[in-house]
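Presented below is the structure to which this report refers.
Small disclaimer: the values here were computed from a predicted structure and weren't measured.
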Amino acid sequence: MEGGNSAGSGGSDSSTSGSGGAQQRELERMAEVLVTGEQLRLRLHEEKVIKDRRHHLKTYPNCFVAKELIDWLIEHKEASDRETAIKLMQKLADRGIIHHVCDEHKEFKDVKLFYRFRKDDGTFPLDNEVKAFVRGQRLYEKLMSPENTLLQPREEEGVKYERTFMASEFLDWLVQEGEATTRKEAEQLCHRLMEHSIIQHVSNKHPFVDSNLLYQFRMNFRRRRRLMELLNEKSPSSQETHDSPFCLRKQSHDNRKSTSFMSVSPSKEVKIVSAMRRSSMSSCGGSGYFSGSPPASGSPPVLCNPKSVLKRPVTSEELLTPGAPYARKTFTIVGDAVGWGFVVRGSKPCHIQAVDPSGPAAAAGMKVCQFVVSVNGLNVLHVDYRTVSNLILTGPRTIVMEVMEELEC
């Protein structure tokens, strides 16, 4: 069908191509803004710029003061001046990523007004484009896990491409992973990912077909974004440089340098301040929140109290006392695009302060108030959360954590 249309259209095809190219660039731009906004949100939580605030006897959870944020952006060299900072945040507001807590101001203003990321109050709009993006990001992270070998450098028509997957093998993998129940459903998913510019044929010559043709993800979800990129109207893919999966480079080069981002990314391209999952829970103290992608529809908003969630102090000795009302549990957690999805706090022992309901930790069974016993086989009952965070930050993307949970009375 595609062949007949392309053969007989002439000038009309050119117009359609131009329109399609504009739509593709817009989808790429949207994806870049989503990733950039999410990375900023996690960082602000980690540094407690986002927190519960009171005004006129009312508490506004997980919000930030516009004027204070602008100060922070300039201090951290994310913006050169206040005018630029306002423009950057307005970009996020225009995309529906942040909003005034009462929706009384559409413009981002350099005043003492409360704003909030929509992901933190559950109002982020999950339209078809965003759903496709979230799905694509999740698949990308699963494919990038150390255990997965589907993404490989391969050649097609004499040209070598990085991080490619073969269409037929990818369909097999989607069914095996439970991402699709049938091969036909898996192929339909791939068509949607192509329509939303998440994946493409390596030379952009073919639609997705069940074959030995090679395909790639169009963007590197793990690349650390600079906020100033929001003001650059060039195609995001042109900014990927050596970080892009399209760029041929030595296998050993993976650009895994640490950055100033206080959040932990599985690839360590995005660093997390205290160590676990960079996500909306970081405001709960200098702990690492290991979380990342927009929540699935219906996920409860993440509410974080900087105060300890423990009802009373608990010592390591109490946990280890024979017959104590605590049960041991072990979780294997595979970090996603921005981390693992939890916050750790406290000392001797540390405890789980918060868990992202849409993150990997929650999926593994982690809950608040559990006490951390070991990380990747190392006993951490007698250290503080900074040490635990560092263990996670400097360790592998897949972490094994043993915890103790109080038994129900």
Side-chain angles (χ1 to χ4, degrees), residues 30 33-70 72-73 88-109 111-131 133-134 137 227 230 262-263 277-285 287 289-307 309 336-339 341-343 353-363 368:
M30 178 204 69
V33 175
L34 288 175
V35 174
T36 304
E38 178 63 5
Q39 289 181 355
L40 175 65
R41 183 180 75 89
L42 303 183
R43 189 176 177 186
L44 294 177
H45 271 292
E46 288 294 344
E47 301 205 4
K48 293 186 273 191
V49 177
I50 294 177
K51 59 185 177 182
D52 296 355
R53 300 175 186 271
R54 289 182 64 81
H55 181 66
H56 290 170
L57 303 180
K58 182 176 179 179
T59 298
Y60 296 88
N62 290 330
C63 62
F64 59 87
V65 179
K67 192 175 185 65
E68 292 178 5
L69 177 61
I70 290 176
W72 185 92
L73 291 174
L88 291 169
M89 297 311 296
Q90 187 62 49
K91 287 280 186 179
L92 297 182
D94 292 342
R95 292 281 181 172
I97 293 173
I98 64 170
H99 69 121
H100 178 252
V101 291
C102 298
D103 290 320
E104 294 176 353
H105 302 274
K106 291 185 178 180
E107 299 80 18
F108 188 86
K109 301 179 180 181
V111 294
K112 292 184 178 180
L113 287 175
F114 291 169
Y115 289 81
R116 184 187 291 127
F117 281 80
R118 288 190 178 277
K119 185 175 176 183
D120 283 337
D121 59 15
T123 62
F124 190 79
L126 288 173
D127 56 23
N128 290 334
E129 285 77 15
V130 174
K131 287 180 181 178
F133 168 79
V134 174
Q137 183 179 32
L227 203 59
L230 295 178
M262 297 329 249
S263 192
R277 161 174 181 124
R278 314 90 163 121
S279 190
S280 66
M281 303 218 168
S282 335
S283 63
C284 298
S287 55
Y289 187 46
F290 310 132
S291 157
S293 42
S297 180
S299 295
V302 175
L303 299 180
C304 183
N305 190 335
K307 296 180 180 179
V309 295
D336 66 8
V338 283
F342 64 96
V343 175
Q353 172 73 8
V355 179
D356 180 355
S358 63
V368 296

Please assess L113 against H100 for the test side chain to side chain contact (heavy atoms under 4.5 Å, CB included), listing each intermediate value before the final yes or no.
CA-CA 8 Å; L113 287 175; H100 178 252; 4.1 Å; yes
Let me see the working for V111 and K67 under side chain to side chain contact (heavy atoms under 4.5 Å, CB included), right down to the final yes or no.
CA-CA 5 Å; V111 294; K67 192 175 185 65; 5.8 Å; no
Evaluate H99 against T123 for side chain to side chain contact (heavy atoms under 4.5 Å, CB included), listing each step before the verdict.
CA-CA 10 Å; H99 69 121; T123 62; 3.9 Å; yes
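Put simply, the side chain of H55 does not reach to within 4.5 Å of the side chain of V101, judged on heavy atoms. Looking at heavy atoms from C-beta onward, R54 lies in side-chain contact with T59 at the 4.5 angstrom threshold. Residues N62 and H45 meet the side-chain proximity criterion, which asks for heavy atoms closer than 4.5 Å. Counting heavy atoms from C-beta on, the side chains of Q353 and V368 never come closer than 4.5 Å. Contact of the M89 side chain with the L40 side chain is registered, since non-hydrogen atoms from C-beta on lie closer than 4.5 Å. Taking 4.5 Å as the limit, every side-chain heavy atom of C102 sits out of range of all side-chain heavy atoms of F114. Between L227 and Q39, every side-chain heavy-atom pair lies at or beyond the 4.5 Å cut-off.
Between Y115 and F108, the angle of the ring planes lies from 30° to 60°, which puts this pair in the tilted group. Taking the six-membered ring where tryptophan is involved, the planes of F117 and F64 are tilted, since the angle between them lies from 30° to 60°.
E46 has no carboxylate O lying under 4.0 Å from a charged side-chain N of R43, or vice versa, which leaves the two without a salt bridge. Between D52 and R116, no side-chain nitrogen of the basic residue sits less than 4.0 Å from a carboxylate oxygen of the acidic one, so the salt-bridge criterion is not met.
With values rounded to the nearest 0.5 angstrom, E107 atom CD is found 9.0 Å from D94 atom CG. The distance from atom CD1 of I98 to atom SG of C63, rounded to the nearest 0.5 Å, is 12.0 Å.
Checking K48, K112, R53 one by one against E68, the salt bridge (Lys or Arg N to Asp or Glu O under 4.0 Å) holds for a single residue, R53. Checking Q90, M30, R118 one by one against R95, the side-chain contact (heavy atoms from CB on, under 4.5 Å) holds for a single residue, M30.
Annotation for P357 and A362: closest pair O-CB, 3.9 Å, computed over non-hydrogen atoms.
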